[in-house]
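Note that the structure is a prediction, hence the values are computed from the model and not measured. Residues: numbered from 1 along the sequence shown.
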Amino acid sequence: MSNKKRASQPANDLASTLKDGGVALGVLDNTYSPTLVEFYGELGVDFVWLDLEHGGPNPWDARQLEDLLRAAERTDVEVLLRLPDTDPTLVRKALDLGVRNVFLPRVETADEVRDAVRSARFRYDDGPGDRGLASPRASRWGLADEYIATEDRETLVGVTIETEASIENLDDILAVPDLGFVFIGPFDLSVSLGHPGEIDHPKVQDAVETVRSKAVDAGVPVAGLGFGMDDVNQKATNGYQMLNLGSTTGALEQTVTGWFDAYEQNDS
């Protein structure tokens with residue numbers, strides 16, 4: 001007769017890095033390939049960003065997300081999942097599938113952030129949370145030991161600051177209990193501020209710096225995009241704790257165009 005032990009819940013390495021004041025480096029996999037997610041783990045990145053706002057599988061498609069999660073678990077790399085909406089139901093769905101790190105697009109008020117963060121907790125801000133208690137994949141189908149306490153401790157919910165309204169409400173957003181991080185989105189900020197695509201415009205840069213400095217002062221980890229390794233190193237020095245190094249398609253473009261540039265055609 002089998003006497004299988006209760007399943008232990010793994011720690012969230014990304015959450016631990018942020019809590020310890022470290023810097024996590026990751027890659028956006030915009031091919032949504034389990035093979036590449038697994039391979040990035042072998043290469044040693046801290047997280048793989050899967051963006052469901054601008055592409056990818058249907059966020060309600062459990063089977064596709066589970067395959068991506070299994071690939072990440074195979075090589076102990078954290079998945080960072082951006083949802084396409086702030087709907088708390090979507091947050092709960094992603095977490096029940098086994099995602100530990102989610103962040104929300106285009107947030108504008110502290111209330112919507114608080115509702116989303118509460119939906120990720122069984123206990124929240126000295127009161128009850130809104131996370132459903134069932135036996136999903138996240139709990140190893142009911143076999144996980146200390147599931148409630150572990151999930152509340154290891155789950156990370158962040159937000160993207162990328163609209164003028166979110167800048168105006170930034171102080172209140174940063175004060176939301178258990179906010180995991182703020183991800184600065186300069187491209188959508190440039191659109192919202194009336195300078196689409198001009199991420200170096202002074203108005204956009206001022207907004208980015210406002211988010212960075214206020215988040216650092218509030219003790220909320222800052223995440224963002226790296227534009228080359230000089231920029232990554234500078235941002236890490238300036239308080240960013242989570243940085244995206246690039247994307248799968250960007251890396252392929254650089255490599256393949258480099259091959260073509262190095263190819264010496266024979267005109268004879």
request  = Using the side chain to side chain contact (heavy atoms under 4.5 Å, CB included) rule, take T86 and R106 through it: C-alpha gap first, then chi angles, then the decisive distance, then the call.
outcome  = CA-CA 8 Å; T86 62; R106 308 183 70 80; over 6 Å; no
request  = Step by step, work out the side chain to side chain contact (heavy atoms under 4.5 Å, CB included) result for V182 and F103.
outcome  = CA-CA 8 Å; V182 292; F103 69 117; over 6 Å; no
task = Check the pair Q241, F181 against side chain to side chain contact (heavy atoms under 4.5 Å, CB included), reporting the backbone distance first and the verdict last.
result = CA-CA 9 Å; Q241 286 189 260; F181 61 89; over 6 Å; no
Step-by-step side chain to side chain contact (heavy atoms under 4.5 Å, CB included) determination, R137 to L69 = CA-CA 11 Å; R137 183 175 185 273; L69 288 165; 3.8 Å; yes
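Electrostatic pairing of D111 and R114 counts as a salt bridge here, judged by a charged N lying under 4.0 Å from a carboxylate O. Between K235 and D231 there is a salt bridge, with a side-chain nitrogen of the basic residue lying less than 4.0 Å from a carboxylate oxygen of the acidic one. With respect to the salt-bridge test (charged N to carboxylate O, under 4.0 angstrom), the residues D115 and R118 qualify. With salt bridges taken as basic N to acidic carboxylate O contacts below 4.0 Å, none links E73 and R70. Under 4.0 Å is where a charged nitrogen must lie from a carboxylate oxygen, and between R100 and E151 at least one such pair does. Using a 4.0 Å cut-off between charged side-chain N and carboxylate O, D217 and K214 make no salt bridge.
Note on V23 and V77: same hydrophobic cluster, where clusters join Ile, Leu, Val, Met, Phe, Trp and Tyr whose side-chain heavy atoms are under 4.5 Å apart, directly or indirectly. Hydrophobic clustering, with ILVMFWY side chains joined whenever heavy atoms are under 4.5 angstrom apart, groups V216 together with V208. Grouping the Ile, Leu, Val, Met, Phe, Trp and Tyr side chains by contacts below 4.5 angstrom, directly or via other members, places L243 apart from L18. By the rule that hydrophobic residues join a cluster once side-chain heavy atoms approach within less than 4.5 Å of another member, F122 and V157 end up as members of separate clusters. In the hydrophobic clustering of this structure, V232 does not group with L28; members are Ile, Leu, Val, Met, Phe, Trp, Tyr whose side-chain heavy atoms approach within less than 4.5 Å, directly or through other members.
Residue T249 forms a side-chain hydrogen bond (donor to acceptor under 3.5 Å, both in side chains) with just one option from T31, D29, N30, and that option is N30. Between I173 and the choices V211, I167, L179, V220, the side-chain contact (heavy atoms from CB on, under 4.5 Å) rule is met once, by L179.
The shortest side-chain heavy-atom distance between S166 and T160 does not fall under the 4.5 Å cut-off. Within the 4.5 Å cutoff, the side chain of K203 has no heavy atoms near those of the E198 side chain. Two residues are said to be in side-chain contact when any heavy atoms from C-beta on lie closer than 4.5 Å; E78 and T17 fail this criterion.
Taking CD1 of I184 as the start and CD1 of I161 as the end, the distance is 8.5 Å to the nearest 0.5 Å. The OG atom of S33 sits 9.5 Å away from atom CD of E38, with the distance rounded to the nearest 0.5 Å. Between atom CG of residue L14 and atom CG of residue N101 there is a gap of 4.5 Å, rounded to the nearest 0.5 Å. For the atom pair CG of L81 and CG of L68, the computed distance is 9.0 Å after rounding to the nearest 0.5 Å. Rounded to the nearest 0.5 angstrom, L25 CG and F47 CZ are separated by 7.0 Å. N12 contributes atom CG, which lies 11.5 Å from atom OG1 of T150 (distance to the nearest 0.5 angstrom).
Formation of a donor-acceptor pair under 3.5 Å by the S190 side chain with backbone atoms of G197 is found in this model. Under the 3.5 Å distance criterion, the side-chain polar atoms of Y32 are matched with a main-chain donor or acceptor of D51. Under a 3.5 Å cut-off, the side chain of R121 and the backbone N or O of T155 do form a donor-acceptor pair. Not one N or O on the side chain of E108 forms a donor-acceptor pair closer than 3.5 Å with the backbone of A165. Formation of a donor-acceptor pair under 3.5 Å by the T255 side chain with backbone atoms of A251 is found in this model. A donor-acceptor pair under 3.5 Å is absent between the side-chain atoms of S192 and the main chain of L189, judged by distance alone. The closest donor-acceptor contact from the side chain of R123 to the backbone of I148 lies at 3.5 Å or more, if one exists at all. Judged purely by atom type and a 3.5 angstrom limit, Y124 uses its side chain to pair as donor or acceptor with the backbone of P177. Of the possible polar contacts, one joining the D87 side chain to the T89 backbone as a donor-acceptor pair under 3.5 Å is found. Not one N or O on the side chain of E164 forms a donor-acceptor pair closer than 3.5 Å with the backbone of L193.
Smallest separation of non-hydrogen atoms from A15 and E154: CB-O, 4.2 Å. Pairing each heavy atom of P57 with each of L65, the nearest pair is CG-CD2, 4.4 Å. Closest non-hydrogen pair, R92 versus S119, comes out as CG-O, 3.2 Å. Heavy-atom minimum distance, P186 versus F227: CG-CZ, 4.4 Å. Looking at every heavy atom in both residues, G180 comes nearest to P221 through O-CD, 3.3 Å. Nearest heavy-atom pair, D46 versus A24, reported as atom, atom and distance to 0.1 Å: OD2-CA, 3.4 Å.
Within 6.0 Å of the CD atom in E253, the count of heavy atoms belonging to other residues, nucleotides or ligands does not exceed 12.
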